[in-house]
Amino acid sequence: MHSKVIFHIDVNSAYLSWEATSRLQNGHSLDLRTIPSAIGGDVDKRRGIILAKSIPAKKYNIKTGESLMEAFKKCPDLKVVPPNYDLYMQCSNAMVHILKDYSPFIQRYSVDECFLDYSNMDEHFGSPVQAATTIQTRIYNALGFTVNIGISSNKLLAKMASDFQKPNLVHTLFPEEIEKKMWPLPIGDLFMVGKSSAKKLLNLGIYTIGDLAKSNPDLLYTHLKSHGLLIWNYANGMDHSLVSKESDPVKGIGNSTTIPFDVEDEKTAKLILLSLCESVCMRLRQSNLSSELVHIKIKTNNFHSYSHQKKLLYGSNITHTIYQEVCLLFDEVWDKEPIRQLGVRVSNLNASTKEQLNLFDTTHKEKLQRLDDSIDSIRKKYGNEAILRGCFINAPIKPFVGGMPTKDYPIMSSLL
DNA sequence: TCTGGGGTCCTAGGACCC
DNA sequence: TCTGGGGTCCTAGGACCC
């Protein structure tokens, strides 16, 4: 009847569930999911926002993205725990490992969300709802956390369905159910309708997803350009994107950091930029890529952001080279306002080849490249802070800033 | 005492070329 | 004195996602 059957698997309150599960496995008796709790950053380091919350915390109207201070005002007893990204990656991998038993077509959409193509699989694991229920139970029994699973004939509808009532539920949203299940929802619930689009739509008298579906696409184009047509299609349940096994090639690599204090001098700013370049360039090299476009971003202490970018004549992944370009960009654009956050990003990526180094200055560049290679291998062996540039000694700056998605974690069950 | 960090895609405006 | 239009590339900024 349905040509395709797509599942969207979404971990309920992922960071918080994973932390709760991990604590139970490590002998804690309290389940964080049963009390008002949240995963949050460090207030002292000016990173104090809510990253995830428990369902009891949700009842206090605590929202992801708001500051811890606001959250404490709503719920003084809120239990806040710092994030642990390594744990999240392990849990995510363990879940995918299970999902692979039910279809070869799985797309990791984020650390806590997957699409799975269940088309023509009924004879193996039963009807879509039966299979989804089986998957849910297996994940809970093996790994200790709950997921919502949305089922439909395309990815958009499956994703919308997994967002219905939570936790630990399976929902369908086939095209014939759109009118009843999706159209009454407020416009902001639609995938790809954020704050800004919602505001424009409200001004046009469009309040629900149904209103949007029935609106005139020409009008939408006038006010929201191509994005208007995209969300009109979504409101009508139309999406033809495929569950893609291979993850898209990386388009860019970046790291940014909020500094615990306002930076008012060039020297400190450049130290931070160097530490960002260290992590960005190491990631570049690990992917065997080089970059032809370097980009920096500055956020001031009053939250004004601006950026600057530059094309390179030749691709590079050498820390020293990228750092020099970053410094030039910084000098060209910094307006001397106190800095809260700095970011470095590289894009226009190509497979790195050593040939481009032969054009000129060969010995110098080869030396730098060998330096990077040795630093990389030391860090790989002994950790990112095992080796650091002399300028970081006695400086109040971490010599290596930035998260790196780490691969090849053992699956979780082997840790339990 | 406010307000993270990792991404992708789109658009407007200017430069430049024919 | 007036005054084309098509195309591409580049940049900065904004919107959206998790």
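Below, read A as the first sequence line, B as the second, and so on, with proteins coming before strands; counting in each chain starts at 1. Bear in mind the structure is a predicted one, so any value in this text is a computation, not a measurement.
Residues A/L156 and A/N233 have side chains not in contact (no heavy-atom distance under 4.5 Å, counting atoms from C-beta outward). For the pair A/R285 and A/M282, the minimum side-chain heavy-atom distance is below 4.5 Å. Taking the side chain as every heavy atom from C-beta outward, A/S215 and A/L220 approach each other to under 4.5 Å. Between A/Q165 and A/H171, some side-chain heavy-atom pair lies under the 4.5 Å cut-off. Here the side chains of A/T172 and A/P128 are not in contact, with every heavy-atom distance at 4.5 Å or above.
Within residues 203-221 of chain A, no residue approaches DNA chain B, by heavy-atom distance under 4.0 Å.
The phosphate of B/dG6 has neither OP1 nor OP2 within less than 4.0 Å of any side-chain N or O from A/R345. One finds no side-chain N or O of A/R46 lying less than 4.0 angstrom from the OP1 or OP2 phosphate oxygen of B/dC2. Of the side-chain N and O atoms in A/N255, one or more sit less than 4.0 angstrom from OP1 or OP2 of B/dG6. For A/S256, no side-chain nitrogen or oxygen approaches OP1 or OP2 of B/dG4 to under 4.0 Å.
Both A/Q341 and A/L224 lie close to DNA chain B; mapped to their nearest nucleotides by heavy-atom distance, the more 5′-ward contact belongs to A/Q341. For A/D248 and A/R340, each mapped to the nucleotide of DNA chain B holding its nearest heavy atom, the one lying further toward the 5' end belongs to A/R340.
Put simply, CG on A/L68 is 14 Å from P on B/dT1, counting in whole angstrom units. What separates CG of A/L276 from P of B/dG4 is a distance of 15 Å, to the nearest Å. Straight-line distance from the OH atom of A/Y234 to the P atom of B/dC9: 12 Å, rounded to whole Å. For the pair A/D44 CG and B/dC2 P, the interatomic distance rounds to 11 Å; values are reported in whole Å. With rounding to whole Å, A/H223 atom NE2 is found 21 Å from B/dC10 atom P. Distance, A/L51 CG to B/dG5 C1': 9 Å, rounded to whole Å. Remark: P of B/dT8 and CD of A/Q107 are 14 Å apart, rounded to the nearest angstrom. The NZ-C1' distance, from A/K299 to B/dG6, rounds to 13 Å in whole Å.
Across all strands, A/G65 comes closer than 4.0 Å to no nucleic acid atom at all (heavy-atom distances).
With hydrogens and angles left out, the side-chain atoms of A/K45 and A/T258 include no donor and acceptor closer than 3.5 Å. Defined by atom type and a distance below 3.5 Å, a donor-acceptor pair is present between the side-chain atoms of A/E292 and A/N350.
Using a 90° window around 0 for the glycosidic torsion, B/dT1 falls inside it and is classed as syn.
Note: A/Y15 and A/Y88 meet the aromatic proximity criterion, with ring centroids under 6.0 Å apart.
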Q. When you check every protein heavy atom under 4.0 Å of nucleotides 11-18 of chain C, what one-letter string (B, S, -) results, 5' to 3'?
A. SSS-SSSS

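A salt bridge does not link A/D239 to A/K159: none of the charged nitrogens lies less than 4.0 Å from a carboxylate oxygen. At a threshold of 4.0 Å, the pair A/E19-A/R23 counts as salt-bridged, since one of the basic side-chain nitrogens sits closer than that to a carboxylate oxygen. Contact check on A/D117 versus A/K245 returns no salt bridge, with no Lys/Arg side-chain nitrogen under 4.0 Å from an Asp/Glu carboxylate oxygen.
Figure legend: cation-pi geometry between A/K58 and A/Y60 absent, as NZ or CZ is not positioned both under 6.0 Å from the six-membered ring centre and within 45° of its axis.
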(Q) Just to be sure I follow the notation: if a pair is Watson-Crick (purine N1 to pyrimidine N3 plus N6-O4 or O6-N4) or a G-U wobble (N1-O2 and O6-N3), each under 3.5 Å, what dot-bracket string does DNA chain C give, with | for pairs to another strand? (A) ....||||||||||||||

